[in-house]
Amino acid sequence: MTLLPFLKSCSMSFFSSAQRNCVIRLCLVTGIAVLVGCEATNAKKIKHVHAIDTTVNQQTAFVNLFLDSAAVQQFIYTQHLTENDSLLVESFYRMRNYEYAWFDSSGVAEQAYNFVNLYRNYRESVNDKSLELPLLDSVIEKFREDSTRFKPGTPEVINAEIMLSWQFFRYVQKAYGGNEEINPEDLGWFIPRKKIDPLLLLDSIVSNNGKDITGYLPVAPLFEQLRKALETYSKIETANHWTPILFTKEKYVAGDSASEIGLVKKRLQLLGDLGNDDAGNVLNEKTTAGINSYQQRMGLTTDGVLGKGFQQSINVPLKDRIRQILVNMERARWVPKPGKGPFIFVNIPEFKLHVMDSGKQQFEMAVVVGKPATTTVIFNGNMQYVVFAPYWNVPYSIAKNEMGRSASYFSKRNMEVVGHYSDGTPMVRQKPGPTNSLGRVKFLFPNSYSIYLHDTPSKGLFGQTTRAFSHGCIRIAEPEKMANWALRFNPEWTPEKIKEAMNASKEKTVTINNPIPVFVGYFTCWVGSNGKLNFRNDLYGHDQKLADHLFPADN
């Protein structure tokens, strides 16, 4: 037990104010020293309190307003901060020699208002009452309405200053840290969970006066996009009754007229797929465009027809869509913030591969992913090799359970037996050629899951809306385009040479000069490059498993 919890449990009414500050300071400093000596069991706790940076002084400070260290310690005591929050607050002010962070000589600084707006938007979007601090909100509003109230050194200003820092640490953990009780690997997610340094983050935001505050957020842009979408959908749900539309036909096409078509129009208008100038019950040209917009966002066949798939999708309860957004917001908290360099992102439920560079999409292509029985693993790696005219070394499970044994069976498929497993199952490989199951090229990012990108002779599968047909590996629709992009920094590999190598009869492995990060992810909800909110089906049931953790009361 540290001295801090003990101190909180004792009455101090018999001390004078000055004596009480001294006792608090002594106990807190001693308590922090004890904490430093203990082995932290929570990986998210900071391991030590930072040393005081004495280079920050009256001559070098930006603000030239300083707190008394005892005021910080008294705040920690009176507000009953947790051990981790105590260390964060104490460390932050020691790093700046107790210089103010949120106020300057004229009053509330710009970064304070920017942060307040940020956490209020988040709090209201997700309805997180744990982030409410009525006292802080009240004080900030008073300063906003009347700047003459600002008087440096008053208890009101001191408490507001320290409370803003404390609220920042609380907000970062809530908004971006993710649910600590969830182990992503238990849910089939093997991309390492990102780490947050809240002290460095706050110092960066304060140093830049809170300008472009969202650019410093320790989370992928997807998170903030989904938060805004959540806000929009919550408002729609509050203002409207999302009752099922009763359809009397299996399909409605251009020119049809029915009352349910009028209801569909109103729903598409609420969702932003249709302009408000399309009224009535006739499925006209404008309605068709709105239906197409909705179908694209939902991964449906884009035909402008009110068919079975559309009817089922448009009747999904809005509360279910909101829950889907929240599930994917939690996933967005796990992923590292994208760097400025190139990377490849495969989104399994979308059946798409995205090539990114400098924060912008260079191109995308359709992919085929694993069947629900042979799922594609969620993980990341570095693409290091391009293999032209590859052999396909048939996995043991396929050789044992899905293949014949006769010599004619193998010869018809351009295969050869190269040995046998201990149970007699043949070790088989398929020779390079037009019928090879890996196609003309494969792309390796070494991993323990034996998953890679590759070509395929079965091109017709890319025309399907749902493309889950593989044994786990990822088939790509435009392998030659990918090979040219992957080897763009290998000058000897011209487009002509790449085409020749793909059509050769002998396997050749090329090392990529600049290995490319690859992320294989699972998002059933995201905002596309066109700004539209997309939804997809929960192909592998990962949404449901995560929802069971996030919404246990619903089970």
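Owing to the predicted nature of the structure, the values given are computational and were not obtained by experimental measurement. All heavy atoms count here, side chains included; hydrogens, waters and symmetry mates do not.
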Please set out all donor-acceptor pairs under 3.5 angstrom arising from side-chain atoms of residues 482-489, sequence neighbours excluded.
unit_1: N484; atom_1: ND2; unit_2: E480; atom_2: O; d: 2.9
unit_1: R488; atom_1: NH1; unit_2: W485; atom_2: O; d: 2.7

Check this for me: does any side-chain nitrogen of one of E500 and K497 sit under 4.0 Å from a carboxylate oxygen of the other?
no

Looking at Y391, does the NZ or CZ of R429 lie under 6.0 angstrom from its six-membered ring centre and within 45 degrees of the ring axis?
yes

Please round to the nearest 0.5 Å and tell me the distance separating atom OG1 of T466 and atom CG of L539.
8.0 Å

Who passes ring-ring contact (aromatic ring centres under 6.0 Å, His included) against Y522, sequence neighbours left out?
Y540, H542

Taking side chain to side chain contact (heavy atoms under 4.5 Å, CB included) as the test, write out the residues that go with K228, two or more places apart.
E224

For the residue pair K481 and F363, would you count it as a cation-pi contact if the rule is NZ or CZ under 6.0 angstrom from the ring centre and within 45 degrees of the ring axis?
yes

Just wondering, are more than 12 heavy atoms of other shown residues or ligands nearer than 6.0 Å to CG in N240?
yes

Are F469 and F351 close enough that their ring centres sit under 6.0 Å apart?
no

Within the structure provided, determine whether E180 and Q173 are in side-chain contact (heavy-atom separation under 4.5 Å).
yes

If only side-chain N and O atoms count, and only distance matters, is there a donor-acceptor pair under 3.5 Å linking D548 with Q544?
yes

Would you say Y396 and D423 are linked by a side-chain donor-acceptor pair, where the criterion is simply a distance under 3.5 Å?
yes

